Amino acid sequence: MDSKTRMQRILEVIRDIPRGSVASYGQIAEIAGIPRGARQVGYTLRNLPDGHTVPWYRVVQASGKIAFAPGSRQYAEQQKRLAKEGIAARKGRIDMHKYRWQPDLDELLWKPSASWDEQ
DNA sequence: CTGATGACTATAG
DNA sequence: CCTATAGCCATCA
């Protein structure tokens with residue numbers, strides 16, 4: 001089925017978010033090849049089956065805010081897990097400039113043989 | 001098929 | 001910074 005493939009691509013991307021970094025729903029969707037699919041990412045995470053190993057807590061809103069309501073159980077859980085990776089959430093907000101995942105840059109760092117002089 | 005939903009987002013005030 | 005609003009789009013009922 002097609003919807004299943006889409007969901008799997010979303011989960012794959014989330015699993016690729018490195019420890020210590022975060023990505024936005026829209027960013028995940030775009031990387032997964034689903035432009036404007038931010039809500040679908042949220043939908044997918046919302047229905048994660050028990051026993052999953054998806055780092056859902058590394059996904060936040062584009063603004064850097066945690067998507068859960070302040071005071072909720074999940075809000076606290078996410079903030080706690082992020083803190084464990086060295087990501088501080090001040091008032092439920094994360095410094096995206098500092099922690100936003102940049103897959104392209106990651107690849108360049110792992111493949112220094114690529115053209116550097118292009119800038 | 002139709003209308004409602006929502007772990008979203010960009011924009012305006 | 002915050003709220004309000006309008007797009008968005010796969011799923012659901």
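Residue numbers begin at 1 in each chain, while the letters A, B, ... track the order of the sequences. None of these values were measured; they are calculated from a predicted model.
Side-chain contact check for Ile34(A) versus Ile28(A): every heavy-atom pair is 4.5 Å or farther apart. Side chains of Ser24(A) and Val59(A) form no contact here, defined as non-hydrogen atoms less than 4.5 Å apart.
Comparing dA7(B), dA10(C), dT9(B) by their closest approach to the side chain of Phe68(A) singles out dA7(B).
Taken to the nearest 0.5 Å, the CG atom of Leu11(A) stands 9.5 Å off from the NE2 atom of His52(A). Rounding to the nearest 0.5 angstrom, the gap separating the OH atom in Tyr75(A) from the NZ atom in Lys65(A) is 8.5 Å.
Between Arg73(A) and Glu77(A) there is no salt bridge, since none of the side-chain N atoms of the basic residue sits less than 4.0 Å from a carboxylate O of the acidic one. Using a 4.0 Å cut-off between a side-chain N of Lys or Arg and a carboxylate O of Asp or Glu, Glu85(A) and Arg58(A) qualify as a salt bridge.
Of the residues in residues 19-50 of chain A, those lying under 4.0 Å from DNA chain C by heavy-atom distance are Arg36(A), Arg39(A), Gln40(A), Tyr43(A).
Separating the CE atom of Met96(A) from the C1' atom of dT9(B) is a distance of 12 Å, rounded to the nearest angstrom. Rounded to whole Å, atom P of dA7(B) lies 14 Å from atom CD1 of Ile14(A). Going from atom CD of Gln74(A) over to atom C1' of dG6(B) covers 14 Å, rounded to whole Å. In this structure, Met7(A) atom CE and dC12(C) atom C1' are separated by 16 Å, rounded to whole Å. The interatomic distance linking Gln61(A) (CD) with dT11(B) (P) rounds to 16 Å, in whole Å. Protein atom CD1 of Ile66(A) is 12 Å distant from nucleotide atom P of dC8(B), rounded to whole Å.
With hydrogens and angles ignored, the 3.5 Å screen pairs a side-chain donor or acceptor of Arg9(A) with a backbone N or O of Ala32(A).
Taking the side-chain hydrogen bond (donor to acceptor under 3.5 Å, both in side chains) definition, one finds that Arg15(A) meets it with Thr53(A), sequence neighbours left out.
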What protein N or O atoms touch nucleotides 1-4 of chain C N or O atoms at under 3.5 angstrom, if any, and at what distances?
{"residue": "dC1(C)", "atom": "OP2", "partner": "Arg93(A)", "partner atom": "NH1", "Å": "2.3"}
{"residue": "dC1(C)", "atom": "OP2", "partner": "Arg93(A)", "partner atom": "NH2", "Å": "2.7"}

